[in-house]
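Read the structure below first, then the notes.
No experiment lies behind these values; they were computed from the predicted model shown. The chain is numbered in sequence order, starting from 1.
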Amino acid sequence: MGFWATWKEKARALKRETYAVYLACRDPRVPWYGRLLAACIVGYAFSPIDLIPDFIPVLGYLDDLILIPLGIALVLKVIPSEVMAECREKAAVAMASGKPTNWIAAGIIVAIWFSVAALGIFLMTRAVTG
């Protein structure tokens with residue numbers, strides 16, 4: 001297996017694990033603080049907003065390569081192992097049949113971006129006319 005193939009497999013495994021954490025976040029057997037932490041990790045992983053924007057060479061992806069695996073490692077300490085095993089199985093099945101999509105989350109993200117854009121336009125027009 002070549003260098004890039006190994007990295008591609010690791011990236012797929014990280015996506016699968018992130019999706020499994022998302023599923024665990026919705027499980028009632030996970031304590032509230034584990035659910036909150038899992039939601040933050042998954043939200044950051046799937047968010048279009050990063051600490052360092054992706055268009056900055058090397059550094060743009062470095063935060064994703066460090067923060068997300070560290071966050072997942074941390075959240076795995078508070079999620080019961082039997083819950084995580086079930087969620088990993090569900091994630092593997094979901095990822096094998098294609099990339100899972102969440103249209104509600106996508107709609108929320110689009111609504112947030114439109115709201116930020118509208119607020120920016122409002123503030124700019126107010127500053128110009130003000």
Side-chain angles (χ1 to χ4, degrees):
M1 198 189 279
F3 175 77
W4 292 116
T6 302
W7 276 100
K8 284 183 180 181
E9 181 52 39
K10 288 184 182 198
R12 276 191 217 102
L14 181 61
K15 286 180 185 179
R16 229 180 1 258
E17 192 72 0
T18 304
Y19 189 63
V21 168
Y22 163 74
L23 294 173
C25 159
R26 302 175 70 195
D27 194 299
R29 297 173 288 176
V30 176
W32 69 268
Y33 51 88
R35 294 165 124 201
L36 180 64
L37 182 60
C40 290
I41 306 282
V42 170
Y44 181 78
F46 294 136
S47 171
I49 301 170
D50 287 337
L51 291 177
I52 303 171
D54 289 343
F55 62 82
I56 297 175
V58 181
L59 292 176
Y61 292 104
L62 196 58
D63 67 331
D64 293 335
L65 292 174
I66 293 172
L67 292 178
I68 294 171
L70 284 176
I72 288 175
L74 179 64
V75 79
L76 290 178
K77 294 183 183 290
V78 296
I79 294 176
S81 58
E82 63 275 0
V83 172
M84 203 58 214
E86 290 174 21
C87 292
R88 282 184 180 122
E89 288 176 21
K90 290 178 186 176
V93 169
M95 299 294 261
S97 63
K99 190 175 175 181
T101 56
N102 187 336
W103 291 107
I104 295 172
I108 291 171
I109 290 172
V110 168
I112 289 171
W113 279 107
F114 276 126
S115 299
V116 168
L119 178 63
I121 291 169
F122 171 75
L123 292 175
M124 287 178 15
T125 57
R126 193 168 155 201
V128 170
T129 61

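Clustering ILVMFWY residues whenever any of their side-chain heavy atoms sit less than 4.5 angstrom apart, transitively, puts V83 in a cluster other than the one holding V93. Using a 4.5 Å cut-off between side-chain heavy atoms of Ile, Leu, Val, Met, Phe, Trp and Tyr, with links allowed through other members, I121 and F114 fall into different hydrophobic clusters.
Taking Ile, Leu, Val, Met, Phe, Trp and Tyr as hydrophobic and joining them when side-chain heavy atoms fall under 4.5 Å apart, one finds M124 isolated, its cluster having no other members. In the hydrophobic clustering (ILVMFWY side chains linked at under 4.5 Å, chained through shared members), L119 is joined by F122, L123.
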**Request:** In sequence, state the C-alpha distance, the side-chain angles, and the governing distance for Y22 and T18, and then conclude on side-chain contact (heavy atoms from CB on, under 4.5 Å).
**Result:** CA-CA 6 Å; Y22 163 74; T18 304; over 6 Å; no
**Message:** Quick one, I72 with L14, criterion side-chain contact (heavy atoms from CB on, under 4.5 Å). Give me CA distance, side-chain angles, the key distance, then yes/no.
**Reply:** CA-CA 9 Å; I72 288 175; L14 181 61; 3.8 Å; yes
**Asked** So E17 and K10, salt bridge (Lys or Arg N to Asp or Glu O under 4.0 Å) or not? Walk me through it.
**Response** CA-CA 10 Å; E17 192 72 0; K10 288 184 182 198; over 6 Å; no
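The side chain to side chain donor-acceptor pair (under 3.5 Å) analysis of residues 73-85, with sequence neighbours excluded, yields no pairs.
For the pair K15 and R12, the minimum side-chain heavy-atom distance is 4.5 Å or more.
A pairwise comparison of heavy atoms in R16 and A92 identifies CD-CA, 4.0 Å as the closest pair. Of all the heavy atoms in I79 and A24, the pair that sits closest is CD1-CB, 3.8 Å. Here the shortest heavy-atom pairing between C87 and A20 reads CB-O, 3.4 Å. Scanning both residues, V21 and A38, for their nearest heavy atoms gives CG1-CB, 3.7 Å.
For R35, there are no side chain to side chain donor-acceptor pair (under 3.5 Å) partners at least two apart in sequence or on another chain. With sequence neighbours left out, the side chain to side chain donor-acceptor pair (under 3.5 Å) criterion links E89 to no other residue. In terms of the salt bridge (Lys or Arg N to Asp or Glu O under 4.0 Å) criterion, residue partners of R29 (sequence neighbours excluded) are, by chain and number, D27, E86.
In this structure, CG in L23 is found 4.5 Å from OH in Y19, a value given to the nearest 0.5 Å. Here the CG atom belonging to L74 is positioned 12.0 Å from the CG atom belonging to L67, to the nearest 0.5 angstrom.
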